[in-house]
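The structure appears right after this line, and notes come after that.
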Amino acid sequence: MSTEIQEMPEQGEIVLATITKVMDHGAYVTLDEYDDIQGFLHISEIAPGWIRSVNRFVRDGEKKVLLVKKINSQRGDIDLSLKQVSKDQKKQKLKEVKKFEKGKTILQNVQEKAKLTDEEVEKLEDSIYSKFDSVYDAFISIGRNGIESVKELKLAKKTATVIEEICSKIKLPSVEIRGIMEVTSTRSDGVEIIKKILLDVLKKDSTVDITYLGAPKYRLSITAEDFKSAEKSLKPIIEEIESNMEKKKGSFKFTREESKKTREN
């Protein structure tokens, strides 16, 4: 007789589930992160208002982000809700799942290249979770800051070498904020003045890029790890260009464009 205790989600937790059986009064699902244990999504928790057909909202094989509404651990019943999950909660959950899958894939790559046993990989994973929220976050950190940034994990030399090699090939997630600068000068040497001011900015910061669009317009873009860091860098750069142009009796105008986020590999 097995004495192993099945791990259960907590009430109020947001989970990823797979629809396994659609019925008139609801749908049975399996929880992807909990060894596919079964839960039930009642018709009243699928969508607001009266539902004529459950199949309009959920179908067999579909993945859904659900809220754990109620748990009866003695009976093993898990009641779930779809309608109580907000768009932000759904987005955040799918992001977490995506990061988990990416971390899992990279870890498998490390195991193959370093020829680690399952036990060694499990110890490595436990070690990573002692410092990071996810395996993926750990590899991104190493990709950005080098293997020395995780020296407290005390990785074996062979494992560290393989991880460093793999992380060096990961396309690091980043964001880009940008805008259009209109820079003008009526002085006879105005072109040279503008050129020098913009080149000085480029020399100071490798995250900055300036593209000539045709007088008097230039596109200024800044790439960073996140939007907060990018915004922090943008302000002093704009102030510097504007100040230097004013000193040279020129004019400066900056108009923001839509920011964008790079795709994470």
Side-chain angles (χ1 to χ4, degrees), residues 1-112 116-126 128-129 132-140 170 173 261 263-265:
M1 182 178 176
S2 173
T3 57
E4 185 178 344
I5 299 174
Q6 171 70 63
E7 185 182 1
M8 299 279 280
E10 296 180 2
Q11 187 173 325
E13 187 176 340
I14 301 296
V15 297
L16 184 69
T18 302
I19 307 297
T20 56
K21 187 178 181 181
V22 177
M23 306 170 73
D24 291 340
H25 61 290
Y28 284 100
V29 308
T30 54
L31 307 189
D32 294 14
E33 301 150 291
Y34 290 91
D35 294 328
D36 292 334
I37 60 174
Q38 187 171 270
F40 187 68
L41 178 61
H42 191 267
I43 189 171
S44 63
E45 289 297 328
I46 291 177
W50 182 67
I51 297 175
R52 178 179 294 179
S53 173
V54 175
N55 270 303
R56 284 187 59 199
F57 299 91
V58 294
R59 296 180 181 177
D60 288 352
E62 265 190 329
K63 300 263 184 202
K64 291 290 184 182
V65 176
L66 306 174
L67 168 75
V68 178
K69 188 181 176 187
K70 188 178 178 183
I71 297 174
N72 186 325
S73 53
Q74 291 183 332
R75 293 172 53 187
D77 292 341
I78 302 174
D79 294 332
L80 302 152
S81 175
L82 175 60
K83 73 177 184 181
Q84 292 185 47
V85 176
S86 69
K87 287 183 180 179
D88 285 343
Q89 286 174 320
K90 179 181 177 181
K91 186 177 178 181
Q92 182 60 34
K93 185 62 184 180
L94 292 175
K95 184 179 178 181
E96 288 174 7
V97 171
K98 191 175 181 181
K99 283 173 68 172
F100 175 79
E101 292 299 330
K102 286 179 180 177
K104 186 178 177 182
T105 299
I106 298 172
L107 202 58
Q108 288 172 346
N109 199 2
V110 170
Q111 181 176 15
E112 290 171 9
L116 303 178
T117 64
D118 290 344
E119 186 179 349
E120 287 173 325
V121 171
E122 192 174 329
K123 285 182 180 179
L124 172 61
E125 194 171 6
D126 288 343
I128 288 172
Y129 275 114
F132 297 92
D133 291 332
S134 75
V135 173
Y136 179 71
D137 287 339
F139 289 127
I140 290 298
I170 296 174
K261 194 170 187 177
R263 185 174 295 175
E264 298 177 7
N265 284 354

Check: Checking side-chain contact (heavy atoms from CB on, under 4.5 Å) for the pair Ile78/Tyr34: CA distance, chi angles, key distance, verdict?
Finding: CA-CA 12 Å; Ile78 302 174; Tyr34 290 91; over 6 Å; no

Notebook entry, point to check: Do Glu125 and Val135 pass the side-chain contact (heavy atoms from CB on, under 4.5 Å) test, and can you show the C-alpha distance, the side-chain angles, and the key distance before you say yes or no?
Noted result: CA-CA 7 Å; Glu125 194 171 6; Val135 173; 4.0 Å; yes

Item checked: Leu94 vs Leu16, side-chain contact (heavy atoms from CB on, under 4.5 Å): CA-CA, chis, key distance, verdict -> CA-CA 8 Å; Leu94 292 175; Leu16 184 69; 4.2 Å; yes

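Taking NZ of Lys64 as the reference point, atom CD1 of Ile19 lies at 7.0 Å (rounded to 0.5 Å). Rounding to the nearest 0.5 Å gives a distance of 11.5 Å between NZ of Lys83 and CG of Leu67.
Applying the salt bridge (charged side-chain N to carboxylate O under 4.0 Å, His left out) rule to pairs touching residues 19-28 yields nothing, sequence neighbours excluded. For residues 103-112, no residue pair satisfies the salt bridge (charged side-chain N to carboxylate O under 4.0 Å, His left out) rule, not counting sequence neighbours. The salt bridge (charged side-chain N to carboxylate O under 4.0 Å, His left out) pairs that include a residue from residues 36-47 are Glu45-Lys69, where partners are two or more places apart or lie in different chains.
Ala17 approaches Leu66 most closely through the heavy-atom pair CB-CD1, 3.7 Å. The two residues His42 and Ser44 make their nearest non-hydrogen contact at ND1-OG, 2.9 Å. The minimum heavy-atom distance between Tyr136 and Lys99, with the atom names listed, is CB-O, 3.3 Å. Across Leu41 and Leu82, no two heavy atoms sit closer than the pair CD1-N, 3.5 Å. For the pair Phe139 and Gly103, the tightest heavy-atom approach, listed with the atom from each and the gap, is CE1-O, 4.2 Å. Contact detail for Gly26 and Ile46: the closest heavy-atom pair is CA-CD1, 4.5 Å.
The side chain to side chain donor-acceptor pair (under 3.5 Å) check on Gln111 picks up Asp118, with sequence neighbours excluded. Applying the side chain to side chain donor-acceptor pair (under 3.5 Å) criterion to Asp32, with sequence neighbours excluded, gives Thr18, Lys63. For Tyr28, the ring pair (Phe, Tyr, Trp, His ring centres under 6.0 Å) partners two or more places apart in sequence, or in a different chain, are Phe40. Listed by chain and residue number, Asp88, Gln89 satisfy the side chain to side chain contact (heavy atoms under 4.5 Å, CB included) test with Ser86 (two or more places apart in sequence, or in another chain). Annotation: salt bridge (Lys or Arg N to Asp or Glu O under 4.0 Å) contacts of Asp60 (sequence neighbours excluded): none. Scanning for salt bridge (Lys or Arg N to Asp or Glu O under 4.0 Å) contacts around Glu33 gives Lys93, with sequence neighbours left out. With sequence neighbours excluded, no residue satisfies salt bridge (Lys or Arg N to Asp or Glu O under 4.0 Å) with Glu10. Applying the side chain to side chain donor-acceptor pair (under 3.5 Å) criterion to Thr30, with sequence neighbours excluded, gives no partner residue. Partners of Thr20 according to the side chain to side chain donor-acceptor pair (under 3.5 Å) rule, which considers only residues two or more places apart in sequence or in another chain, do not exist here.
Sparse packing is recorded around NZ of Lys90, with 12 or fewer heavy atoms of other residues, nucleotides or ligands lying under 6.0 Å away. Enclosure of atom CD in Gln108 by more than 12 non-hydrogen atoms of other residues, nucleotides or ligands within 6.0 angstrom is indicated.
Val121 places none of its side-chain heavy atoms less than 4.5 Å from the side chain of Val110. For the pair Asp35/Glu7, no side-chain contact is recorded, criterion being any heavy-atom separation below 4.5 Å from C-beta on.
Tested against Val15, the residues Val29, Val65, Val85, Val68 include a single side-chain contact (heavy atoms from CB on, under 4.5 Å) partner, Val68.
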